Amino acid sequence: SDQCLARRLEHLTTQTDTKDLIGSWSGWEDWSPCSKSCEGGKKVRVRTCSEGRSCKGQGIQSKTCNSEACKDEDSWTKWGTWSGCSASCGKGIRSRTRTCSSPNTASSVILRGVQSSSCAGENVNEEECRSTKICNSGRRKKWSSWGSFSSCSSTCSGGIRQSTRKCEGDRGECFGTPTNTELCGKAECGIQKPVGDGSVSTVLVGGWVGDWLSNVTIVNGRGKSCPAPSLPIWLADHFSVFDGSRIMTCGGRSGNEKTLCWYWDLSSAGWTRAPEMSEGRSYADAVQLNGEVWTTGGWDGSRRHASSEIMTGSSWTPGADLTGKRYQHCGVVLRDGSVVITGGQEGETGKGVALSLVERYGWNGPLVQEFPSMNQARWTHGCGV
């Protein structure tokens, strides 16, 4: 019929028009950046259908990205192992620790060398523990018997000898001292026979006998003495060195509390002023080598010194430091030019504890060697080679 023919023609016309309108897709563009840096973001890409056309399929695609867990916040590490029990018997405490770990140390806050933490909670965990040993078991501590005395430090008066004992046992404590010291060599020391031909002499400069002294005495190798020109001031706690032609006396304390240096040229009739050190140095020590004088340590009445000064020519300059503040020590020069310093009092704590320390320095430092300590700590002592 005409109606069916019209419908068939319309259908064929529609098929032709639709086919002519089908477009084609462009290639996919690059994926976009991920929307999140962690814990699952999305990224997309698109393509374009021909202008004015219809394309089958999707013009956009998406997929998941960066699925790993975020690590932007600080987090605790696992607990460490438990420490030992704090008690040697009975109840005690044991602990374990953990650390707050930052994923980006560079961006964390650091105050005075300590990294701040944003982790919630404590970094130390403590719990009660119990030692397997029962308290008050075992032997109560007590002193062993005294050991034999050591040999006397002197063959005549002024010597000492010591014996020791040990604190033995498991509980309690020992009261008293582990060392017993007594005088020995009580026989009077005889006067030794003078030796030498008299060509070598000793010069005694100033000193103290309840008051400051200014007198100077020469004692020759045969035991004879005679007066020398007196110092212009009273002087004690000083040092003196001889450079082959003159004596220099320096440091110490005088009656008017001044720190002065003086020369006595043996060819002259008296003392003259010498260059001043930059620091007051009572109880310092000084040694001489090839015309140079190196003085170490000492104190100025309020401060103890680890510093030193060296005189070359006619002026003092700063020298090398000792390993610690030290005064009333004694130094000698060895054949190789190094200097051995013994004993003295420590100046680090201000308590002036006697030292048994023996150290070897290069000339004007640095420390070369630490020798075995002396058996007896001592200060204001003499030494020689």
Side-chain angles (χ1 to χ4, degrees), residues 200-207 212-218 227-322 325-341 344 361-368 383-385:
V200 177
S201 299
T202 301
V203 180
L204 309 177
V205 182
W212 287 282
L213 301 176
S214 62
N215 63 300
V216 178
T217 302
I218 300 175
S230 294
L231 285 165
I233 60 172
W234 302 330
L235 195 61
D237 307 328
H238 51 291
F239 65 80
S240 298
V241 292
F242 179 60
D243 65 6
S245 62
R246 61 185 179 180
I247 293 173
M248 183 176 72
T249 292
C250 210
R253 295 180 295 165
S254 64
N256 57 8
E257 294 301 326
K258 291 183 178 178
T259 299
L260 303 173
C261 295
W262 299 89
Y263 280 140
W264 177 34
D265 188 327
L266 301 187
S267 62
S268 67
W271 294 80
T272 57
R273 287 293 303 276
E276 290 299 305
M277 294 185 293
S278 60
E279 301 274 7
R281 294 187 184 272
S282 296
Y283 304 120
D285 181 71
V287 288
Q288 186 277 145
L289 179 67
N290 299 327
E292 292 186 334
V293 177
W294 185 34
T295 181
T296 56
W299 76 311
D300 61 8
S302 59
R303 295 181 302 114
R304 279 75 172 175
H305 300 307
S307 63
S308 72
E309 296 183 49
I310 188 164
M311 174 182 272
T312 304
S314 59
S315 61
W316 292 97
T317 56
D321 285 351
L322 302 179
K325 297 176 182 178
R326 194 170 184 173
Y327 60 106
Q328 302 212 96
H329 50 289
C330 187
V332 292
V333 181
L334 303 184
R335 291 180 180 177
D336 62 0
S338 61
V339 178
V340 174
I341 296 177
Y361 291 83
W363 179 256
N364 190 23
L367 178 69
V368 174
C383 55
V385 290

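Predicted model, so just to flag it, every value in this text is computed and none were measured. Computed from heavy atoms alone, side chains included, the values below leave out hydrogens, waters and symmetry copies.
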Q: Apply the test side-chain contact (heavy atoms from CB on, under 4.5 Å) to residues Glu292 and Ile310: give CA-CA distance (whole Å), side-chain angles for both, the deciding distance (0.1 Å), then the verdict.
A: CA-CA 7 Å; Glu292 292 186 334; Ile310 188 164; 3.7 Å; yes
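- Taking OG of Ser214 as the reference point, atom CD1 of Ile233 lies at 9.0 Å (rounded to 0.5 Å).
- For the pair Ser308 (side chain) and Ala320 (backbone), a donor-acceptor distance under 3.5 Å is present.
- From Cys261, atom SG reaches atom CE of Met311 across 6.5 Å, with rounding to the nearest 0.5 Å.
- Atom CG of Asp336 is surrounded by more than 12 heavy atoms from other residues, nucleotides or ligands within 6.0 Å.
- From Ile218, atom CD1 reaches atom CG of Leu266 across 7.5 Å, with rounding to the nearest 0.5 Å.
- For Trp316 and Ser278, the side-chain atoms include no donor-acceptor pair closer than 3.5 Å.
- With a 4.5 Å cut-off on side-chain heavy atoms, Pro275 and Tyr263 count as touching.
- For the residue pair Met277 and Cys250, the shortest heavy atom distance occurs at CE-SG, 3.8 Å.
- Closest of all the heavy-atom pairs between Ile341 and His329 is CG2-CD2, 3.5 Å.
- Aromatic ring orientation, Trp294 versus Tyr361: perpendicular (interplanar angle above 60°, classes split at 30° and 60°).
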(Q) Between Ser307 and Arg281, does the side-chain contact (heavy atoms from CB on, under 4.5 Å) criterion hold? Intermediate values first, please. (A) CA-CA 10 Å; Ser307 63; Arg281 294 187 184 272; 3.0 Å; yes
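- Between the CG atom of Asp321 and the CG atom of Leu367 there is a distance of 12.0 Å, given to the nearest 0.5 Å.
- Between the side chain of Trp271 and the backbone N or O of Pro229, at least one donor-acceptor pair lies under 3.5 Å.
- A cation-pi contact links Arg273 to Trp262, judged by a cut-off of 6.0 Å to the six-membered ring centre and 45° from its axis.
- His305 places no side-chain N or O within donor-acceptor distance of the main-chain N or O of Ala284, the cut-off being under 3.5 Å.
- Remark: of the listed residues Val333, Leu334, Val368, Leu334 is the sole one forming a side-chain contact (heavy atoms from CB on, under 4.5 Å) with Val340.
- In terms of modelled atom types and a separation under 3.5 Å, the side chain of Thr295 and the main chain of Asp285 share a donor-acceptor contact.
- Taken to the nearest 0.5 Å, the CE atom of Met248 stands 9.0 Å off from the CD atom of Gln288.
- With Arg304 contributing its side chain and Gly297 its backbone, the two residues share no donor-acceptor pair below 3.5 Å.
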**Q.** side-chain contact (heavy atoms from CB on, under 4.5 Å) between Val205 and Leu231, worked out
**A.** CA-CA 8 Å; Val205 182; Leu231 285 165; 3.7 Å; yes
Q: Applying side-chain contact (heavy atoms from CB on, under 4.5 Å), run through Trp264 and Thr249 and close with a yes or a no.
A: CA-CA 8 Å; Trp264 177 34; Thr249 292; over 6 Å; no
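- Smallest separation of non-hydrogen atoms from Val293 and Ala286: CG1-CB, 4.2 Å.
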